[in-house]
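Hydrogens, waters and symmetry mates play no part in the numbers below; they use all other heavy atoms, side chains included. Small disclaimer: the values here were computed from a predicted structure and weren't measured. In what follows, chains carry the letters A, B, and so on, assigned in the order in which the sequence lines appear, proteins first and then strands, with residues in each chain numbered from 1.
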Number of protein chains: 2
Amino acid sequence: MEHVNAHKACNYYKKHQSLFLEGSFPRGVFCINEGMVKVFQRGDEGKEQIIHIAKAGEMVGFRSMFSETPYRVAAETLEESNICFISKDDFLNMMDSNPVLRNGIIKELSKELSDRADFITNMAQKSVRERLAFTMIILLEIYDKEPINLSREDLANFVGTATETLIRLLKDFKEEGIIEVHTRKISVLNKEKLFSIAGK
Amino acid sequence: MEHVNAHKACNYYKKHQSLFLEGSFPRGVFCINEGMVKVFQRGDEGKEQIIHIAKAGEMVGFRSMFSETPYRVAAETLEESNICFISKDDFLNMMDSNPVLRNGIIKELSKELSDRADFITNMAQKSVRERLAFTMIILLEIYDKEPINLSREDLANFVGTATETLIRLLKDFKEEGIIEVHTRKISVLNKEKLFSIAGK
DNA sequence: TTTGAAATATGATGAAGGTCATTTTTTCAA
DNA sequence: TTGAAAAAATGACCTTCATCATATTTCAAA
């Protein structure tokens with residue numbers, strides 16, 4: 001940990017600031033101290049697909065660090081954030097000399113791999129309504145007790161649907177008493193029902 | 001390698017034989033010597049979503065080995081195969097003592113993570129026709145020079161569509177001269193066109 | 001406080017693709 | 001070789017959801 005602290009460079013990031021772009025080469029990892037970051041890909045027509053939303057305590061960007069290939073995803077803050085950067089070399093050294101860290105990383109990679117399998121299956125087999133419920137459950141964990149605070153467009157890009165469709169479904173959820181909306185902030189009133197819609 | 005050889009247990013598997021099921025606990029990894037294995041998830045209505053097709057030289061099942069949680073995917077041979085099993089303990093020991101192996105594994109995990117991000121974006125943003133083209137490109141690599149030999153159902157479950165829809169699209173591709181079909185075996189005649197349909 | 005731009009919302013429409021029913025072909029074991 | 005079951009193929013229909021157009025609200029800067 002001393003080693004980490006000696007080598008990390010922490011910075012303040014404002015809202016909608018980019019950490020890295022698709023196509024650029026990874027030079028290190030980003031540790032989120034405070035704030036939130038979306039990890040996404042741009043499809044052929046430029047529409048974003050959000051793959052993951054990382055919150056305080058998570059690391060972003062080590063995925064492609066080991067493969068010496070350019071990023072295929074981009075990352076950007078969703079809100080004001082405090083984020084530290086650890087260079088590739090430092091990080092790899094730490095991993096070599098620290099089995100606990102190493103195992104933690106591998107465990108984390110494995111978990112994400114499983115999460116993405118679920119994501120793929122959901123995308124392939126569920127309706128947008130079901131996917132929205134599923135997504136809200138994920139966001140509920142990410143935002144903890146806070147209301148979900150994402151633009152309609154980001155939310156649509158996470159669910160994988162058109163913004164208009166998402167807005168219509170939010171309206172349905174509101175009418176069904178599942179959520180409460182104050183401008184852009186969404187609070188979940190009936191978690192049970194979300195689970196039952198999401199299926200399983 | 002000596003160590004590996006001393007501890008692995010190789011077996012012959014016939015077609016459609018299960019390696020592990022969702023919900024079971026990982027006890028080791030499977031190395032495919034010969035043959036092919038599908039890794040899939042069953043959605044709520046039992047429909048399979050194929051996440052990955054592994055061929056000779058690949059390992060299957062180490063993903064959840066580090067997380068001490070049950071498999072969320074299942075694996076099953078697609079054809080007659082020869083597959084070795086290495087127990088969790090042996091494998092973890094090997095990883096601890098062999099940095100080269102270790103880095104290879106992490107690299108592989110990272111690569112799969114990126115592949116799955118692409119998969120998600122494709123699922124979310126592309127038409128079934130485009131996804132079929134994309135899937136055929138992947139299968140082209142897996143089957144190398146051999147014709148693609150998958151049931152229509154498996155193919156549909158990889159693309160993430162209904163079997164009927166897949167069959168109709170295959171017919172289109174056939175009529176457009178992109179593929180040639182002999183009963184269940186599919187040969188690609190026009191790779192270029194596949195790329196242009198898949199987009200990018 | 002006004003104002004313009006961005007975000008959100010709503011309506012109309014059509015196409016993509018899922019579902020169900022049925023037929024044809026293939027496979028494989030007796 | 002044949003018969004039954006599984007797989008593949010085709011047709012009809014209908015729901016879901018994307019797209020385009022437009023209206024309304026929110027927000028921040030002047």
> Separation of B:Ile167 atom CD1 from C:dG17 atom C1', in whole Å?
Replying inline: 14 Å
>> Consider side-chain contact (heavy atoms from CB on, under 4.5 Å). Of A:Leu194, A:Leu166, A:Ile197, which one does A:Leu132 pass it with?
In response: A:Leu166
>> Are more than 12 heavy atoms, taken from residues, nucleotides or ligands other than A:Glu76, located less than 6.0 Å from that residue's CD atom?
In response: yes
> Is a salt bridge present between B:Glu22 and B:Arg72, judged by a nitrogen-to-oxygen distance below 4.0 Å?
Replying inline: no
> Taking CG from A:Leu169 and C1' from C:dT8, how many angstroms apart are they, rounded to a whole number?
Replying inline: 15 Å
>> Using a 4.0 Å heavy-atom cut-off, does B:Thr163 contact any base of the nucleic acid, only the sugar-phosphate backbone, or nothing at all?
In response: nothing
> Side chains of A:Thr121 and B:Gln41: donor-acceptor distance under 3.5 Å anywhere?
Replying inline: yes
> Atom CZ of B:Arg129 to atom C1' of C:dA15: distance rounded to whole Å?
Replying inline: 15 Å
Which protein N or O atoms sit under 3.5 Å from an N or O of nucleotides 11-14 of chain C?
from	atom 1	to	atom 2	distance (Å)
C:dG11	N7	A:Arg168	NH1	2.9
C:dG11	O6	A:Arg168	NH2	3.2

>> Using C1' atoms of five pairs at each end, report the bend of the helix from C:dT1-D:dA30 to C:dA30-D:dT1 rounded to 10 degrees.
In response: 50°
>> Using the side-chain contact (heavy atoms from CB on, under 4.5 Å) definition, which of the options A:Thr135, A:Leu139, A:Val37 pairs with A:Ile53?
In response: A:Leu139
> Is any side-chain heavy atom of A:Tyr12 less than 4.5 Å from a side-chain heavy atom of A:Ile83?
Replying inline: no
Using the 3.5 Å cut-off, write out each protein N or O paired with an N or O of nucleotides 22-30 of chain C and the distance between them.
none

>> Output the rounded distance in Å from CG (B:Leu166) to P (D:dA9).
In response: 9 Å
> Hey, quick one: are A:Phe40 and A:Leu21 part of the same hydrophobic cluster, counting side-chain heavy atoms closer than 4.5 Å, chains of contacts allowed?
Replying inline: no
> How close or far is atom P of C:dA6 from atom CD of A:Glu153, stated in whole angstroms?
Replying inline: 12 Å
>> Could you tell me how far apart B:Arg152 (CZ) and D:dA7 (P) are, to the nearest whole angstrom?
In response: 12 Å
> Hey, is the main chain of A:Gly199 close enough, under 3.5 Å, to the side chain of A:Glu130 for a donor-acceptor pair?
Replying inline: no
> Do A:His52 and A:Glu58 have a side chain donor and acceptor closer than 3.5 Å?
Replying inline: yes
> Between A:Phe91 and A:Lys88, is there a cation-pi geometry (under 6.0 Å to ring centre, at most 45° from the normal)?
Replying inline: no
>> Looking at B:Cys84 and B:Cys31, are the sulfur gammas closer than 2.5 Å to each other?
In response: no
>> Just the rounded figure in Å: distance from P of C:dA16 to CG of B:Leu132.
In response: 16 Å
>> Can you measure B:Gln125 atom CD to D:dC17 atom P for me and round it to whole angstrom units?
In response: 16 Å
> Which nucleotide in the set D:dA8, D:dC17, C:dG17 lies at the smallest distance from any side-chain heavy atom of A:Thr165?
Replying inline: D:dC17
